[in-house]
> 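Here you go, one structure.
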Amino acid sequence: MPQLTPRTRRSSGVVFAILLILGVAQPTLAAPSPDPLAIGAALNYRTTFGYSTDLSLVTALEADSDADRTYSVPLAPDELADMNRRMAIQEALPPLLEYGRTHEPIFGGMWVDQAAGGVVHFGFTQDASIHRPVLESLAAPIGATVQVDEVAWTESELNALTEVISRDLDFHGSLGVTVYNTAAKIARNSVEVSIDPYSADAARAFEDRFGPATVVLPGTSPQTTACTNRDNCPGPPIRAGISNDGGCTVGFGIYMDGNRRFLTAGHCVYDVVTAYGWGGWTWFHQSTNLGLSTDHSWFDWSAADAGAMGNVPAGIHSNDVLNSIVPLAWTNITSGQPGGNQDWEGMGVCQSGQTSFHRCGAILGVNETPYYGKYGFHIKWQRKANYMVQDGDSGAPVKSKATPSMAVGLQSGRDSLYVAYYSHISAVLMANGANGGIGASLWVSES
Amino acid sequence: MTRLSLLTLAGLALLAVGCTDQSVPTSGPTRPTPILVVPTEEAAAVATLSPPPALDPQDVRLSCGSPLAFSAQALRGPPGAELADHPAAAAFREQLLDGQLPHLPASGGWQIVVLTHTNALFLLPAPQENEEFQYWDAEFEKRDGSWANVGSGQCVVQPVFEDIEGARWELAPGERPTADSRRFDVVVTAQDCSSGQSPEGRIVPAAAIYQETSIIVIFGVRPLPGAQTCQGAPPATVTLELEEPLGDRRLLDGSVFPAEQRWP
């Protein structure tokens with residue numbers, strides 16, 4: 001996929017204005033009139049990649065059924081050649097990025113300015129003049145134009161600050177604002193924080209607290225762009241309760257062996273590992289890479305149907321469980337229910353799965369040993385509950401109904417439409433993994 | 001395969017209600033197709049199913065994911081049921097206001113769609129822009145003389161079947177029905193939990209509603225017995241036969257509400 005530079009408000013406005021013009025001035029266009037939405041998409045693309053936005057050219061290309069659409073919008077032959085060149089450069093960039101990251105204490109990141117023709121930028125907090133000739137020599141064989149800049153903050157600092165700001169919920173609350181997004185911006189060498197309601201005082205308070213790398217912007221709920229349904233909710237961050245492309249649901253975020261990972265059901269990981277091996281399947285939600293299968297505890301007489309995938313970077317990881325899309329709402333998990341008969345029949349629990357969504361019911365049994373005949377496996381100490389569960393819900397987070405911030409389990413299977421089984425979170429977190437005897441020690445918070 | 005007389009197939013009335021020409025969305029609640037395809041044995045020949053029994057919309061019953069079923073007519077009830085002078089409504093009000101149901105909107109406008117001596121089911125329409133579910137629901141049961149909340153959440157209204165669960169379907173790749181068409185291949189994706197196994201051999205042509213401008217077809221599957229895991233499963237292809245030619249009517253999948261258009 002092409003690497004996109006951030007879309008500016010101005011370009012969106014231009015496109016919108018042109019669309020409006022198209023809507024009222026269509027008779028002036030050459031027949032047949034192309035779809036205004038397709039024209040809008042083409043103009044957006046062209047703005048992003050710095051190609052001509054001349055309307056007569058764009059409409060002519062849209063109407064030309066022979067125009068090349070390899071990159072989703074029709075391009076002229078010279079543009080196609082240029083785009084192919086950029087993609088070839090993109091393929092060859094990882095070693096240059098790796099060079100930067102070997103200087104992590106001073107590396108400010110890499111980004112590509114597509115609007116300027118694909119110039120590859122590198123940032124360093126010091127010694128830019130030393131690294132410039134090295135990067136230019138690495139870039140020459142692949143035909144890339146590089147620019148090495150002196151920047152104020154390293155990529156690592158920006159990523160760390162992003163997480164610090166995201167997690168400081170008490171501070172957000174003290175200002176009466178909601179933080180809709182926190183993002184490390186390499187191109188701007190800053191951390192952008194989108195808040196609502198926005199005020200100059202609130203913006204200043206953020207900048208005072210988190211320092212000059214912080215840029216505060218008016219925020220709106222990202223629900224229409226970042227989260228349209230549970231199959232398209234890429235965040236960041238990733239939240240439990242959404243689909244993964246293994247046909248299951250993303251479970252709680254965890255720390256495991258010092259790494260950031262996500263849970264899902266053990267049988268989901270088992271299926272993947274059985275079919276593709278440990279390294280043969282990379283988990284995704286849409287285009288967000290959730291890493292490889294790292295462990296599972298799906299075997300006969302296991303006490304937990306648990307699996308893990310990762311590692312994921314800090315900006316993607318979260319302890320959140322998605323509750324609803326409209327309005328976009330989630331619960332931050334702050335604890336896991338202790339083991340040892342801390343739950344009981346009749347206790348309220350809620351599952352948040354990709355197929356059945358947010359469903360609450362009551363525990364029907366706290367020591368169930370269902371036999372999953374297809375696998376020939378008994379799973380011990382499962383909880384039975386009376387909420388609806390369907391295909392795709394495996395791995396879903398289960399939390400307390402009365403204390404929604406407390407994780408209680410991981411969705412496993414069912415007896416019937418209204419009778420679900422889940423593994424208790426304490427058993428999940430202590431599960432002995434199957435991957436090379438490493439032993440999974442799963443946990444839902446960094447502490 | 002035998003005809004399905006067993007279905008007390010519910011839901012269809014609502015589907016019919018929701019399937020006027022103006023109300024059928026082109027998108028709606030979707031269950032993602034699993035990308036993971038675990039190697040399986042070679043697919044068997046496509047089975048031809050007997051025509052789904054024609055159903056009167058009046059006979060349809062619906063559910064929110066619990067055994068409590070209701071009619072489409074019940075969905076037309078007035079809002080404000082949470083204020084009713086009834087112990088179930090009183091218990092519901094108290095729990096909403098006390099924050100005991102934090103996952104539900106603490107707002108008015110609830111309808112009651114089931115009310116018996118022992119059960120009550122309240123529904124609140126979800127925001128229209130919500131693509132995934134249509135209502136919030138709260139189910140109460142009378143136990144030892146008092147009304148307790150026994151289930152709640154986000155409700156995807158589905159037809160109720162007896163011993164059968166609804167399954168999504170789409171026309172098979174390359175199928176382009178004409179006005180004379182009565183048979184076409186469809187790809188059926190089950191929603192029951194089947195430990196990742198295809199619904200092949202378990203698919204039931206549950207019902208069809210023949211209307212002036214559309215034909216609503218509902219497929220179901222017979223759930224597998226015993227404990228099953230709930231990862232996604234590969235679909236199966238079957239041949240659907242209708243009792244009438246399609247004509248210029250649209251084909252709709254009625255396993256969800258509102259029914260989703262499948263053709264044209």
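Within every chain, numbering begins at 1; the chains are lettered A, B, ... in the order of the sequence lines, protein sequences first and strands thereafter.
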> Measuring heavy-atom distances to chain B, does A/Phe284 have an atom under 4.5 Å in its side chain, in its backbone, in both, or in neither?
neither
> Whether the side chain of B/Gln154 engages the backbone of A/Asn323 through a donor-acceptor N/O pair (distance < 3.5 Å, no angle test) should be reported.
yes
> Locate the shortest heavy-atom distance separating A/His267 from B/Cys230; write the atom from each residue and the value.
NE2-N, 3.7 Å
> Contact part of A/Thr264 toward chain B, heavy-atom cut-off under 4.5 Å: side chain, backbone, both or neither?
neither
> Using non-hydrogen atoms only, which part of B/Pro225 is less than 4.5 Å away from chain A: side chain, backbone, both, or neither?
neither
> To the nearest 0.5 Å, what is the distance between OG on A/Ser416 and CG on B/Asp192?
11.0 Å
> Please report the interatomic distance CD(B/Gln228) to OH(A/Tyr372), rounded to the nearest 0.5 Å.
9.0 Å
> Would B/Glu139 and A/Arg359 count as a salt bridge (Lys or Arg N to Asp or Glu O under 4.0 Å) here? Give the steps.
CA-CA 11 Å; B/Glu139 180 183 341; A/Arg359 299 293 314 169; 5.9 Å; no
> What part of B/Asp137 gets within 4.5 angstrom of chain A, counting heavy atoms only: side chain, backbone, both, or neither?
side chain
> Given a strict heavy-atom distance threshold of 4.5 Å, which part of B/Glu165 is in contact with chain A: side chain, backbone, both, or neither?
side chain
> Restricting to non-hydrogen atoms, name the atom on A/Tyr418 and the atom on B/Pro67 that form the minimum distance, rounded to 0.1 Å.
CD1-CG, 3.6 Å
> Could you pull out the closest heavy-atom pair between B/Val150 and A/Asn386, with the gap in Å?
O-ND2, 3.6 Å
> Please give me the minimum heavy-atom distance between B/Gly65 and A/Met388, naming the atom from each residue.
CA-SD, 3.3 Å
> For chain B, which residues from residues 394-403 of chain A lie under 4.5 Å away (heavy-atom distances)?
A/Ser394, A/Lys401
> Can you tell me how far apart OG1 (B/Thr229) and CH2 (A/Trp298) are? Round to the nearest 0.5 Å.
5.5 Å
> Are B/Gln231 and A/Asp391 close enough that a side-chain donor and a side-chain acceptor fall under 3.5 Å?
no
> With rounding to the nearest 0.5 angstrom, report the CG to SG distance, A/Asp393 to B/Cys193.
6.5 Å
> So which of B/Ser195, B/Gly99, B/Ala148 has the largest heavy-atom pair count under 4.5 angstrom toward chain A?
B/Ser195
> Tell me, side chain or backbone of A/Tyr371 under 4.5 Å from chain B's heavy atoms, or both, or neither?
backbone
> Within this structure, what is the CD-CG distance for the pair B/Glu132 and A/Asn229, rounded to the nearest 0.5 Å?
5.0 Å
> Chain A heavy atoms under 4.5 Å from B/Leu101: which part of the residue, side chain, backbone, both or neither?
side chain
> To the closest 0.5 Å, what do you measure between OG (A/Ser324) and CH2 (B/Trp136)?
4.5 Å
> Quick one, A/Ser356 and B/Gln191 - any side-chain contact, counting heavy atoms below 4.5 Å?
no
